[in-house]
Amino acid sequence: MSDLFGNTGEVRPATVARVLLPVAIGMAYSYRVPPGVSVRPGSIVRVPLGPREVVGAVWSLEPEGGSAAGNLAPSRLKNILHVYDDAPPLDEDLRTLVDWVANWTLAAPGMVLRMVLRSEEALESEPPLAGVRLSSSGTRPERMTPARQRVLEVLQDGTGFTRSGLAHAAGVSSSVVEGLLAHGVLESVELPAVPPLPRPDPDWSPPQLTPAQARASKELVAAVGQGFRTFLIDGVTGSGKTEVYFEAVAEALRQGRQALVLIPEIALTSAFLQRFERRFAVLPAEWHSEIATRQRARVWRGVASGDVRVVVGARSALFLPFRELGLVVVDEEHDGAYKQDDRVPYNARDMAVVRGHISRFPVVLASATPSVESRVNADQGRYVRLELPERATGAPMPEISIIDMRQDGPERGQWLAPTLRHAIGETLSGGGQALLFLNRRGYAPLTLCRSCGHRFQCPNCSTWLVEHRFRGRLSCHHCGHEEPSPDHCPACGDTQSLVACGPGVERIAEEAADLFPQSRVLVLSSDLQGGPDRLRREMRIIEEGGADIVVGTQLVAKGHNFPLMRLVGVVDADLGLANGDPRAAERTFQLLAQVTGRAGRIGGGGRGLLQTYAPEHPVIRALASGDSTAFYEAEIAARKAAGLPPFGRLAALIVSAPDRARAQDYARQVARLSPASPGLTVLGPAEAALALVRGRYRFRLLAMAPRNVDLQALMRSWIARLPKPTGGVRLQVDIDPQSFF
DNA sequence: AGCACGCCGACT
DNA sequence: GTCGGCGTGCTC
């Protein structure tokens, strides 16, 4: 027996269904299936839960009379209230994915289901719109007027319009339409709420590929429809990775399959959608947190029904109920935005591979600076590596050189070395743009009183307050605390004694403006007022040459192409190398490779200058030489020796409590228990392992296990043996925690 | 996750 | 005398 959606399943009337609910409960709950109602595994239902009603999904059916241990007596079961028949049941693959992700992340399966059921509005079809068309009786108006004439012309081919749409299209007022309707010239008609979606055309505008691109795309195209396989496109910035995987998307479309392209922080990258449109004639469906409710429901429904063929989305798009998904692409696969930190901690890049494995389709990871783990997977033959060693435009890669700040540093109170200043001057006089990159918002990271040594500190965190001179405020980048910039020291009362220490982008912009007074300087950072629209405008200004010097944080490393950008000066290449994060070097390398890759991307002739106090550091050497092999090999060896991912696995137990001392105390107790767990290494209770992260009173206790140990099972048994947290202490487990991996 | 219940401090 | 803070427990 097969239904509308192609699912074959028993339609034997079950009396009890196990329903997974979108709440943090470890198991599915049993509900009675009322007589005359039919459900199957995957059916989306509304059920009572305590005082409220929730939407869940049938996870399994229980045969009559059968009951698993711990279930309530059938007489006490509540009824399923409603079955959403407009939405197709979640298919078996998707249910397998939900269970898999829940097990992997140690999250409640219901919380993973919640990510699937992200649009309650999608579960019921939109009611049709009231519209009008020419009356089928052929009635003509008794008195013809020019306005009426125009309305009739617009309706000539028999299409239906909404009343306001018709008035607008004909250029008349709505009373003209009302009149014609009253006279029987027009008749009411139901219009579909969602106009039929044009489908992307795989053969609309195939690009001219370079030989390297053609080789890579050929391999991808051949793999589409041939089962599960993971590819890693490893191509330098500007090598045209997008064109390559677009060919795989095209092939999936030709084969009647859907495709999903994940990109980090999609809300900011309308340029990407336009590229898609140029290749496939229509815009793809978009999915991310900023999409409006109605549109979100349409995409969800379209994905489930098969009307939507391609989705471009943020990490959460991975949990959409695709009907016939045949390809997932993860662009910029190394990007941290693929990791979710709260609720269900998962990495969408890895779960994409899992989804491909479950549903037997290829997965494509792409990056100019692959993550260490993807690189290892490619080295070991688990992923197929496709290399694009040259820029698609033929432009040479930028020439990167080092400025040794110990010898060639600027004077005190300045931050741009003479060599960099000189390069900026040359670039500007040559008509190019210069980008000064510093990954630090604000004017100065620390304000100090010269008289008494007072430092402005956050009242909540133990961090310095960052001065934002444009806004006239001191701000904590940790918790968001803000206060007005002071004019005197609160400790000693001195008025002329406050000094800003160290640079932020605002301060670099000030210095650049002083050095090049005739140039237009633009600052780009996430505290730009005006939201994404403003950001897009500023990006446009840069693209069109409306700025000479851009000073930016990591915001400028991503997405946008700046055709006039010739020089990238990294103000502090060592920033980010010093913190305790074992991924610090990798992340710094990725960020600086991306940002220097902005130089000369179109016309060539790009230069990159790295200001550093550590010219011998492997990251700096890799960037300057353009050869990252040695750097990656060193990273891989270090990870291997430490048993860190990808050779081992990592978990964090997060302890939060109403005060720091109690969190710390409990973390110590936990750490003391660890030797009892074979195969698990706990870092701690040394202060170093009790890393304080985000917000007050939270500690992370890191645990590491070899790759072959079942970390999930180990953590579960470990947690079961922990002393019961009391006094407001709370625990949360996080596998592959964001702040470290 | 959400929601109710319950127990303590500061106000109309 | 109540309002409301969060700590605790429960939901088929």
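Hydrogens, waters and symmetry mates play no part in the numbers below; they use all other heavy atoms, side chains included. All chains are named by letter (A, B, ...) in the order of the sequence lines, taking the proteins before the strands, and each is independently numbered beginning at 1.
- If you check every strand for non-hydrogen atoms under 4.0 Å, A/P48 touches sugar and phosphate atoms only.
- We find that CG of A/L21 is positioned 14 Å from P of B/dA1, with the value rounded to whole Å.
- Residue contacts for A/M111: at a heavy-atom cut-off of 4.0 Å it reaches the sugar-phosphate backbone alone, with no base atom in range.
- Distance A/M27 CE to B/dA1 C1': 15 Å, rounded to the nearest Å.
- Going from atom CG of A/L113 over to atom P of B/dA1 covers 14 Å, rounded to whole Å.
- Whole-Å rounding puts the A/Y31 OH to C/dT11 C1' distance at 7 Å.
- Listed for the A/R323 side chain is no donor-acceptor partner under 3.5 Å among the backbone atoms of A/A304.
- In this structure, the CG atom of A/L61 is 19 Å from the P atom of C/dC12, given to the nearest Å.
- Ring planes of A/W104 and A/W100: parallel class, angle under 30° (limits at 30 and 60°).
- A distance of 6.0 Å or more separates the ring centres of A/F361 and A/F322.
- The distance from atom CZ of A/R52 to atom C1' of C/dC10 is 10 Å, rounded to the nearest whole Å.
- At the heavy-atom level, A/R114 lies under 4.0 Å from the strands shown only through sugar-phosphate atoms.
- Comparing B/dA1, C/dC12, B/dA4 against the side chain of A/P51 picks out B/dA4 as the nearest.
- Residues A/S475 and A/H477 have side chains in contact (heavy-atom distance under 4.5 Å, counting atoms from C-beta outward).
- For the pair A/L49 CG and C/dC10 C1', the computed distance is 9 Å after rounding to whole Å.
- Atoms CD1 (A/I25) and P (C/dC12) sit 8 Å apart, rounded to a whole Å.
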